[in-house]
Amino acid sequence: VAAAQIGQSEILNGRLATPGLFDAHAHTFMTGFSLLEVDVTAPGVASIADIRERIAARARQTAAGDWIVGQGYDQASLDEQRHPNRHDLDAAAPDHPVAIWRSCHHIMAVNSKALQLAGIDRNTPDPDGGTIDRDEHGEPTGVLRESATGLIQAVQPEPSQRQIEEAILAGGREFVRHGVVAVGEAGIRTNTELRAYQTVWRDGTLPVR
């Protein structure tokens, strides 16, 4: 036993080995898509000005009218200690609909063009289970909570099955990179998403169990 332990120590060279992890509530293809979207997470982003800068940089590389999506801001980590609003995002990308997710994925901040595409204005009622934040004049601020985010998602283009497959593979590889070898997918909503999983499983390319 002692000899075996010595041998293992030499093989690992002082590094730690643990069993692969199983995440029972994961969003694999959403993780994959997020890798292609604008990263607005801390500590790389410390202020709303930083968020504007990253959105503006993506806008310069994106055709006018195409969606710009960001992931991972947290108002508690920003210098301003508030959510970005439509005016902040309008200044960064006036010619693109913009939507950025808070890290919890229960809150979204969008610009005026996104609100217009979704038909959200001062007369839009809060949907069941959601809230449209409004300013002192009753106008939407651009911050949407819970089911209200679905009003924006409903007008965003649906990804193709092939795009979902590529996102599953990218997300799966990211999980494996962090030691997660098995997941429970918590975000399948459509037949296309389910077929994408079935396809990469049949192909033998699914990186995680």
task = Keeping the roles fixed (side chain from Asn85, backbone from Gly142), state whether a donor-acceptor pair exists under 3.5 Å.
result = no

query = How long is the span from the CD atom in Gln116 to the CZ atom in Arg86, to the nearest 0.5 Å?
reply = 9.0 Å

note = Value for CG (Leu194) from CD (Glu185), rounded to nearest 0.5 Å, stands at 10.5 Å

ask   = Just wondering, more than 12 heavy atoms not from Gln153 lying within 6.0 Å of its CD?
value = yes

request  = Please name all residues satisfying side-chain hydrogen bond (donor to acceptor under 3.5 Å, both in side chains) with Asp95, sequence neighbours left out, ordered by chain then number.
outcome  = none

ask   = Can you get from Trp101 to Val110 by hopping between Ile, Leu, Val, Met, Phe, Trp and Tyr side chains that sit under 4.5 Å apart?
value = yes

query = Between Arg58 (side chain) and Ile55 (backbone), is there a donor-acceptor pair under 3.5 Å?
reply = no

request  = Output the distance between atom CG (Leu117) and atom OG (Ser112), rounded to the nearest 0.5 Å.
outcome  = 11.0 Å

ask   = Within the side chain of Thr124, is there an N or O that forms a donor-acceptor pair under 3.5 Å with the backbone of Gly119?
value = yes

key: Considering all heavy atoms, the nearest Val40-Gly70 contact   = CG2-C, 4.4 Å

request  = Scan Val38, Val45, Ile51 and name whichever one has a side chain to side chain contact (heavy atoms under 4.5 Å, CB included) with Tyr73.
outcome  = Ile51

remark   = Taking every heavy atom of Asn111 against every heavy atom of His96, the minimum-distance pair comes out as ND2-O, 2.7 Å

query = Who are the side-chain hydrogen bond (donor to acceptor under 3.5 Å, both in side chains) partners of Ser103, not counting sequence neighbours?
reply = none

inquiry  = Has Asp203 got a side-chain atom pairing as donor or acceptor with Thr205's backbone, closer than 3.5 angstrom?
reply    = no

request  = Could you tell me whether the side chain of Arg122 and the main chain of His137 form a donor-acceptor pair under 3.5 Å?
outcome  = yes

remark   = Between Gly65 and Pro97, the two heavy atoms sitting closest are O-CD, 3.5 Å

query = Angle class for the His25/His27 ring planes (parallel below 30°, perpendicular above 60°, tilted otherwise)?
reply = perpendicular

message = With a 4.5 Å cut-off on side-chain heavy-atom distances among I, L, V, M, F, W and Y, is there a chain of contacts connecting Leu36 to Ile100?
response = no

inquiry  = Please find the pair of heavy atoms, one from Met108 and one from Ala99, that lie closest to each other, and give the distance.
reply    = SD-CB, 3.9 Å

ask   = Should Val176 and Val183 be counted in the same cluster of Ile, Leu, Val, Met, Phe, Trp and Tyr side chains packed under 4.5 Å apart?
value = yes

request  = Indicate yes or no: at least one non-hydrogen side-chain atom of Glu80 is less than 4.5 angstrom from one of Ser47.
outcome  = yes

query = Between Met30 and Ile68, is there a shared hydrophobic cluster once you connect ILVMFWY residues whose side-chain heavy atoms come closer than 4.5 Å?
reply = no

Identify all side-chain donor-acceptor contacts of residues 164-173 below 3.5 Å with residues at least two apart in sequence or on another chain.
from	atom 1	to	atom 2	distance (Å)
Glu165	OE1	Arg162	NH1	2.7
Glu165	OE2	Gln161	NE2	3.0

More than 12 heavy atoms from other groups under 6.0 Å of CG on Asp128 = no

Audit row: Glu174, Leu35, side-chain contact (heavy atoms from CB on, under 4.5 Å) steps and yes/no = CA-CA 9 Å; Glu174 183 70 3; Leu35 296 173; 4.3 Å; yes

message = side-chain contact (heavy atoms from CB on, under 4.5 Å), that's the test. Do Glu193 and Phe29 meet it? Break it down for me.
response = CA-CA 9 Å; Glu193 292 166 354; Phe29 63 86; 3.5 Å; yes

query = For residues Asp39 and Thr41, is any side-chain donor paired with an opposing acceptor at under 3.5 Å?
reply = yes

message = Grouping I, L, V, M, F, W and Y whenever their side-chain heavy atoms are under 4.5 Å apart, do Val155 and Ile132 come out in a common cluster?
response = yes

message = Looking at every non-hydrogen atom in both residues, tell me the closest pair between Ala148 and Pro127 and how far apart they are.
response = CA-CG, 3.6 Å

inquiry  = Looking at Asp133, is its backbone amide N or carbonyl O close enough to the side chain of Thr131 to form a donor-acceptor pair, meaning the two atoms are under 3.5 Å apart?
reply    = no

task = Decide yes or no on side-chain contact (heavy atoms from CB on, under 4.5 Å) for Thr18 and Leu16, but give the supporting numbers first.
result = CA-CA 7 Å; Thr18 66; Leu16 174 67; 3.9 Å; yes

ask   = Measuring from Asp88:CG to Ile48:CD1, what's the distance to the nearest 0.5 Å?
value = 4.5 Å

key: Test salt bridge (charged side-chain N to carboxylate O under 4.0 Å, His left out) applied to Arg134 and Asp126, step by step   = CA-CA 10 Å; Arg134 304 169 197 272; Asp126 289 346; 3.1 Å; yes

message = Whether the side chain of Asp66 engages the backbone of Thr62 through a donor-acceptor N/O pair (distance < 3.5 Å, no angle test) should be reported.
response = no

ask   = Counting only N and O atoms by type, is there a donor-acceptor contact under 3.5 Å from the side chain of His106 to the main-chain atoms of Arg145?
value = no

query = Can you check whether Glu139's main-chain N or O pairs, donor with acceptor, with Asp135's side chain at less than 3.5 Å?
reply = yes

Test item: Arg195 and Thr190 side chains (from C-beta on) under 4.5 Å apart, heavy atoms = no

query = Can Arg202 be said to sit on top of Tyr197's aromatic six-ring, NZ or CZ under 6.0 Å from centre and within 45° of the ring axis?
reply = no

task = Verify side-chain contact (heavy atoms from CB on, under 4.5 Å) between Ile107 and His83, making sure each step is shown before the conclusion.
result = CA-CA 10 Å; Ile107 299 174; His83 296 277; 4.0 Å; yes

task = For residues Arg52 and Leu89, determine if any side-chain heavy atom of one lies less than 4.5 Å from a side-chain heavy atom of the other.
result = no

query = Do side-chain atoms of Ser147 reach the backbone of Gly129 as a donor and acceptor pair under 3.5 angstrom?
reply = yes

remark   = Heavy-atom closest pair (Pro140 atom, Ile120 atom, distance to 0.1 Å) is CG-CG2, 4.1 Å

